[in-house]
Amino acid sequence: MAQRSPTTDSANAANAARGSGAQTPATAAGAKSAVQKALEKLGLKRDIDLALHLPLRYEDETRITRLRDAREGDHIQIEARVTACEVSYRPRRQLVVTVDDGSDTCTLRFFNFYPSQQKALGVGNHIRARGEVKGGFLGWTMLHPSFRTAGGDLPTALTPIYPTVAGLPQPYLRKAVLAGLARAELSDTFAPGDLSRLNPHALWTLRQALQFLHHPTPDVSLDTLQDHTHPAWQRLKAEELLAQQLSQLQSRRARALLRAPVLAERTQADSLHAKLLAVLPFGLTGAQQRVGMEIAADMARPLPMHRLLQGDVGAGKTVVAALAACICMDAGWQCALMAPTEILAEQHFRKLLSWLEPLGITTAWLTGTQKAKERRSMLALIQSGEARLVVGTHAVIQEKVKFHRLALAIIDEQHRFGVAQRLALRSKAPSGAVTEPGEDGAAVPHGLHDPRHQVEPHLLMMTATPIPRTLAMSYYADLDVSTLDELPPGRTPIVTKVINESRRDEVVERIRSQIAQGRQIYWVCPLIEESEALDLTNATQTHADLAAALKGTVRADGQPVLIGLLHSRMATEDKKTVMGAFIAGHVSVLVSTTVIEVGVDVPNASLMVIEHAERFGLSQLHQLRGRVGRGAAASACVLLYSTGDGPRLGESARERLKAMAQTNDGFEIARRDLEIRGPGEFLGARQSGDAMLRFADLATDNALLEWARQEAPMLLDRHPHLAERHVQRWLGGKAEYLKA
Ligand code: ADP
Ligand code: MG
């Protein structure tokens, strides 16, 4: 196939080369700029972007079907003469048109119509109408068919329908896409044969695949186009997955050029690590030991660690983090631990303080709400290096915070943080603190930034939202993943009950009996105030109701029952007081909004009630449930749901609650969550920094994903220029952002 000029952006040259037939989407300058704007909104800037903008579906306008040959439910196009056209008012206002194609008649009904359409459908006019035919026995009808004046040749290819935005009608978009397709540089970056290993039918070049998908011939089965199993789709999906793998591999390799402090583990009995192990009230699980070694091995290398520690709620990630911090501090460096909420950060702070203070470690605490004076003294401790551990919220990454020698950054509940925040932590590198003198220094041209001289802290991210395997292989391919697949011993599985809101009294009864046994209870509400839009139960109201209902209940220790209230609008001091009282066991029931969602650890709590559970996402529900079942006592989670005005719950809410009742396994929950929501929402914050897959579907394209994973390193090693072209083609300007 003839190659076009690689400088595809100079459309003029390409247009000239194509000679006649050059079409621009619109002629009027004003209209053109509006089209241009709409195109940009769709992210269609380059020719290749247009070429890769694929149809959502197709309409078959290539054939005329005679009404006599139609079958019930067929989507057909007819050509017929209008024999009657009138507005009828029963059962409601509608335009009723009768047409006759010589073989039979058909009634076309329009509930919304303009005078211009009424005119076009005047008696005697010849039209082409397209739609679904129904009701053969009583005579055919089409509801809201599309139609136009008959005449002109029938198209020879299916008509593509593209995803578009307001202000960009299909015909304009179609012209722009086809022009982009004609101009784009489409030479293959991998041979069709490379795919044949996988699928012998997949012998399509990129150009063939794109030509076909934009103008499929009418003989093709619409099904294979619609369900993306057609070889042309296979090629496109393989291309897309390969681009994703390549960009992740590139960022992995770019990171391998960076330097990080070598934090070798000291194994002596007087090491911090050994001392911490000695004071812990429990022994590590096998999984904790294994994961700890994986992390230690990373930190002992001069390259920045980029590791995700995943483990179900309650798996014991904190102690793993603390042990990693010990290795870092023992090597003479600083460690920072960042958590997404103040409650969680504070809990970490307390726990780490209780473990490490006796070992002589000074820990600093940073949060957005602390007093200026306290903050100043913390900043000084951090800058001087006296504080060897820094724990806090987002405040840790603010510009004012200067570390003396930061070598390890730990991010808890990483899915709550965005790419920008992770980058900010990385930039807290100890500037010039460790350079390896002489190493390659001379090879760097003056004034150029050499990544090899940049020293980065090691990065350990933790999450209780496990990443399903397919996502780990695709979106998270640039991360090393450690998995805590074992819970500490002695936990009893949480029993989950899904209960209609109308049985609230039974739940209160249950609470009473838990209190009598000396246990503590969480009661979670979705919002703190009545909102007009969503009639949610007010946490304050629930708090008052529960207090009234539990009045007179006496605890196992004879004390009166206290019920706490925690919500995000409370002052920090008040939150701390309430949380502290709950941790200390003075408060029996904690009514709260989702501020307690992540990480909170009160082992004596054995019952979690979630009100309006139908409004929560699956991973959020699992996180909340994970607040109980942390001690030896049997724990339960009650999901109270309300169907609102309707008779039953919506489909996806039902799926979520069912999944919760059926399994406690975080991996299974994550898998179902991915199924229910799709990767876009599942990935949350990370999504903003990632190019989402548009064509490939991780649920069905596993084999292609495996192929791309194997292909990417080979292409990058053997044909780096092809690899680069491939990434540029698919990810264009987005590639840089992916390197975070
Ligand atoms: P998560 O992984 O959800 O962050 P945590 O680190 O908060 O879990 O640990 C949950 C609870 O389990 C804590 O009370 C912690 O002290 C305890 N824990 C951690 N590891 C062990 C272990 N090996 N044996 C017993 N208890 C443990
Ligand atoms: Mg945790």
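Quick note: residue numbers are just sequence positions, from 1. What you are looking at is a predicted structure, and each value in this text was computed from that prediction instead of being measured. Atoms within each ligand, like the ligands themselves, are counted from 1 in listed order.
- Close contacts between ligand 1 and V313 involve ligand atoms 3 (O) [criterion: under 4.0 Å to a heavy atom].
- Within the 4.0 Å heavy-atom cutoff, A321 does not count among the residues contacting ligand 1.
- L272 and M329 get closest at one heavy-atom pair: CD1-CB, 3.8 Å.
- Heavy atoms of M462 found under 4.0 angstrom from ligand 1: none, in either backbone or side chain.
- Salt-bridge check for R252 with D480: passed, with a basic side-chain N closer than 4.0 Å to an acidic carboxylate O.
- Of the candidates K317, Q623, R630, R630 brings a heavy atom nearest to atom 7 (O) of ligand 1.
- At least one heavy atom of G314 lies less than 4.0 angstrom from ligand 1.
- Applying the side-chain hydrogen bond (donor to acceptor under 3.5 Å, both in side chains) test to pairs two or more places apart or on separate chains, none has a residue in residues 376-386.
- In terms of polar-atom proximity, G316 is counted as a contact of ligand 1, with an N or O under 3.5 Å from an N or O of the ligand.
- Tested against R350 for a side chain to side chain donor-acceptor pair (under 3.5 Å), the candidates Q347, H348, E346 yield a single pass: E346.
- Looking at I511, V628, N604 one by one, the single match for side chain to side chain contact (heavy atoms under 4.5 Å, CB included) with R519 turns out to be N604.
- Of all atoms in ligand 1, listed by their number and element, those nearer than 4.0 Å to a heavy atom of T285 are 23 (N).
- At least one heavy atom of A315 sits closer than 4.0 Å to an atom of ligand 1.
- The ligand atoms of ligand 1 that sit less than 4.0 angstrom from a heavy atom of G283 are 22 (C), 23 (N), 24 (N).
- Close contacts of ligand 1 with K351, meaning ligand atoms under 4.0 Å from a residue heavy atom, involve 13 (C), 14 (O), 15 (C), 16 (O).
- Here R512 pairs with V508, E509, L550, T553 under the side-chain contact (heavy atoms from CB on, under 4.5 Å) rule; sequence neighbours left out.
- In summary, E668 and R672 engage in a salt bridge, as defined by a charged side-chain N under 4.0 Å from a carboxylate O.
- Considering every non-hydrogen atom in both T663 and R625, the closest pair reads O-NH2, 2.8 Å.
- Per-residue contacts place T318 under 4.0 angstrom from the following atoms of ligand 1 (heavy atoms of the residue considered): 4 (O), 5 (P), 6 (O), 7 (O).
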